[in-house]
2 protein chains.
Amino acid sequence: MAKSIQSLQRAAAVLRLLAGGERRLGLSDIASSLGLAKGTAHGILRTLQAEGFVEQDPVSGRYQLGAELLRLGNSYLDVHELRSRALVWTDDLARSSGESVHLGVLHLEGVLIVHHVFRPDDSRQVLEVGAMQPLHSTALGKVLAAYDPVARGEAVRGAREQLTARTVTDLEQFEAIVELTRSRGWATDVEETWEGVAAVAAPIHDRRRMPVGAIALTGAVERLCESGEVRPELITAVRECARSVSRDVGAGRF
Amino acid sequence: MAKSIQSLQRAAAVLRLLAGGERRLGLSDIASSLGLAKGTAHGILRTLQAEGFVEQDPVSGRYQLGAELLRLGNSYLDVHELRSRALVWTDDLARSSGESVHLGVLHLEGVLIVHHVFRPDDSRQVLEVGAMQPLHSTALGKVLAAYDPVARGEAVRGAREQLTARTVTDLEQFEAIVELTRSRGWATDVEETWEGVAAVAAPIHDRRRMPVGAIALTGAVERLCESGEVRPELITAVRECARSVSRDVGAGRF
DNA sequence: GTGCAGCGGTCGGCATTGTCGAACACTGAT
DNA sequence: ATCAGTGTTCGACAATGCCGACCGCTGCAC
């Protein structure tokens, strides 16, 4: 691959920096964090601001991400083929199981949630579309690591953070889980990422049997599990749903 | 304002073009649409792809928006101060009224939805966060046009598309509505944007009384309205909610 | 099978373009 | 009043990204 455009690389780094920092960032912080001259960083920010990718607080002068990113992110979802094909199936799964359903794809060093069906009751729930989940501890992540060599590489290479008491961080144990997942075709997460939360996931393949994403059923551990294991009928339902989406994706690819 | 960085402007134009076109676009289409040489467009796309802002279908070679945009758009929501302060109030409003609630801000020539609370029942609903609404026909848009001079300018200048039989497109009538909205402090949309859908909206101000957004209650016209008018208790509830958020925003700004 | 027309991708010369660092106006705290 | 910060502007320099011709490939048509 030939060389990238320098100013674009830097602009992308600025956006990622702003996305990482919780609070608004000042120009000097940004410039020094990226090793740029203040004037250079200012030029990039000025342009990003004019395009709506970045906003500036008029009183403090600090910068934060802009609204245009939200609009473009939404457009991304509109075009997302896997997501559109999964809509009805995931909806059915949430309805029949009474739990929330997530659709995730591999992105960078984690799982990006591209669709989220709320649990069908009146409880308060926050939408997680656009959020990232770790590869090593979540059901979605394990499934992707089991079928996608790139995901597996990231999970093995990356830091497997200890999120709860039950998180598996040891490399050998993790690889055994990946192996088990590939052989049986599904993965679970029983309080390995969040206390009290369990999940089951199954992979989605395209017609060349390449993994393109995963579907997960997530809910309170006391509802999903029986004596420490996820209830078999839920596992079946998730796998069934993932197979349906796979068929749908494969069929439409001509 | 000094000059913008050319390559960034062009990259932003590429992203917007990809966001606009429903389908994936080819390199030549992009280059000719923006009046660029193919080599130039390719350099920009190559960099955007490396950064994750654009993805390329390996078989057709066509380009579409990338996952990084979704992630960044989500980060934008995390930092959004107005949204975070409005969360609890809008939730209460949806709960007490039994209808869905939207929080919108002015962006470009329309209203950008930054928060959406689903109607609290089991019906299928699509999340509209990140979507745009027109200024001239929606309740949110009218409120923003009434209080924000920039929004008003956009609404007056822009094309006021006829969306339903009841949409007001005439400039004079529209300005009368804006005037009425400002004097009474709220706006409605009874089947002016979508058939069968009605809405009420009220403005959110910061402590300098500058408009920063608007809150709307949206639902089926037969539930929200009585003899062609939105029910008074709903109008009161929306205004109350908007005032609460305004107080919250104003109080936290020190 | 063979031609052609379209695609995406590459390369190198030219000059436009973005970079850099110093100087600027301004704010707020010392 | 001073000072240490901030975000911003500016101009000179050369590195940078732009352009247009060229390449290899695919797929359609004949």
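Letters A, B, ... mirror the listed sequences (proteins, then strands); counts begin at 1. All values below were derived from every heavy atom in this structure, side-chain atoms included, with hydrogens, water molecules and symmetry-related copies excluded. Owing to the predicted nature of the structure, the values given are computational and were not obtained by experimental measurement.
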Report summary line: In whole angstroms, the gap separating C1' of dG9(C) from CD1 of Ile44(B) amounts to 15 Å
Report task. Check for a donor-acceptor pair, side chain of Arg160(A) on one end and backbone N or O of Ala155(A) on the other, with a separation under 3.5 Å. Result -> yes
Requested in this report: Return the nearest nucleotide to the side chain of Ser28(A); candidates are dG7(D), dG21(C), dG9(C).
Outcome: dG7(D)
Query - Euclidean distance, atom CD of residue Gln9(A) to atom P of dG18(C) [Å, nearest integer] - result: 15 Å
Requested in this report: Looking at every strand, decide which applies to Gly39(A) at a 4.0 Å heavy-atom threshold: base, sugar-phosphate, or nothing.
Outcome: base
Query raised in the report: When the nearest nucleotide of DNA chain D is assigned to Thr40(B) and to Gly61(A) on a heavy-atom basis, which residue is associated with the more 5' position?
Result: Gly61(A)
Query raised in the report: With a 4.0 Å cut-off on heavy atoms, is Ile5(A) in touch with a base, just the backbone sugar-phosphate, or nothing at all?
Result: sugar-phosphate
Report task. Rounded off to whole Å, could you give me the CG-to-P distance for the Leu27(B) and dG24(D) pair? Result -> 19 Å
Query raised in the report: Can any side-chain N or O of Glu154(B) pair as donor or acceptor with the backbone N or O of Leu135(B) at less than 3.5 Å?
Result: no
Query raised in the report: Any donor and acceptor pair, going by atom type alone, linking the side chain of Ser246(B) with main-chain N or O of Ala242(B) inside 3.5 Å?
Result: yes
Report task. Look at all strands and tell whether Arg10(A) reaches a base, only sugar-phosphate, or nothing, counting heavy atoms closer than 4.0 Å. Result -> sugar-phosphate
Report task. Using the closest heavy atom to pick a nucleotide of DNA chain C for each, name whichever of Gly35(A) or Lys38(A) lands nearer the 5' end. Result -> Gly35(A)
Report summary line: Arg62(A) atom CZ is separated from dT27(C) atom P, nearest whole Å, by 16 Å
Query - Minimum-distance nucleotide (side-chain atoms of Ser7(A) versus dG9(C), dG17(D), dT8(D)) - result: dG17(D)
Query raised in the report: dG17(D) P sits how many Å from Leu8(B) CG, rounded?
Result: 10 Å
Requested in this report: For the side chain of Gln6(A), starting at C-beta, report the closest nucleotide among dT19(C), dC20(C), dG8(C).
Outcome: dT19(C)
Query - Pairwise P distance for dT16(C) and dG12(C), with rounding to whole Å - result: 22 Å
Query raised in the report: Do Thr193(A) and Thr138(A) have a side chain donor and acceptor closer than 3.5 Å?
Result: no
Query raised in the report: Asp57(B) and Ser60(B): side-chain donor and acceptor closer than 3.5 Å?
Result: yes
Query - Helical bend (five base pairs per end, nearest 10°) for the helix from dT17(C)-dA14(D) to dT30(C)-dA1(D) - result: 0°
Query raised in the report: For Gly61(B), does its backbone N or O pair with a side-chain atom of Gln56(B) as donor and acceptor, under 3.5 Å?
Result: yes
Query raised in the report: Donor-acceptor pair, Ser32(A) side chain versus Ser28(A) backbone, under 3.5 Å?
Result: yes
Query raised in the report: Ala37(A) has a side chain; which of dT9(D), dG21(C), dG9(C) sits nearest to it?
Result: dG21(C)
Query raised in the report: At what distance, to the nearest 0.5 angstrom, does CD of Gln64(A) lie from CZ of Arg24(A)?
Result: 4.5 Å
Query - Parallel, tilted or perpendicular: ring planes of His116(B) versus His102(B), cut at 30 and 60 degrees - result: parallel
Requested in this report: Grab the CG-P distance between Leu34(B) and dC19(D) for me, whole Å please.
Outcome: 11 Å
Report task. Ignoring backbone atoms, establish whether His42(A) has a side-chain N or O less than 4.0 Å from OP1 or OP2 of dG7(D). Result -> no
Query raised in the report: Looking at the side chain of Tyr63(A), which of dT8(D), dT16(D), dT6(D) is the nearest nucleotide?
Result: dT8(D)
Report summary line: Bend of the helix from dG1(C)-dC30(D) to dA15(C)-dT16(D) from end-axis comparison, five pairs per end, nearest 10°, comes to 0°
Requested in this report: Determine yes or no for a side-chain-to-main-chain donor-acceptor pair under 3.5 angstrom, with Arg182(A) supplying the side chain and Ala146(A) the backbone.
Outcome: yes
Query raised in the report: Atom CG of Leu25(B) to atom P of dC7(C): distance rounded to whole Å?
Result: 13 Å
Requested in this report: Quickly work out the Leu36(A) CG to dG21(C) C1' distance and round it to whole Å.
Outcome: 13 Å
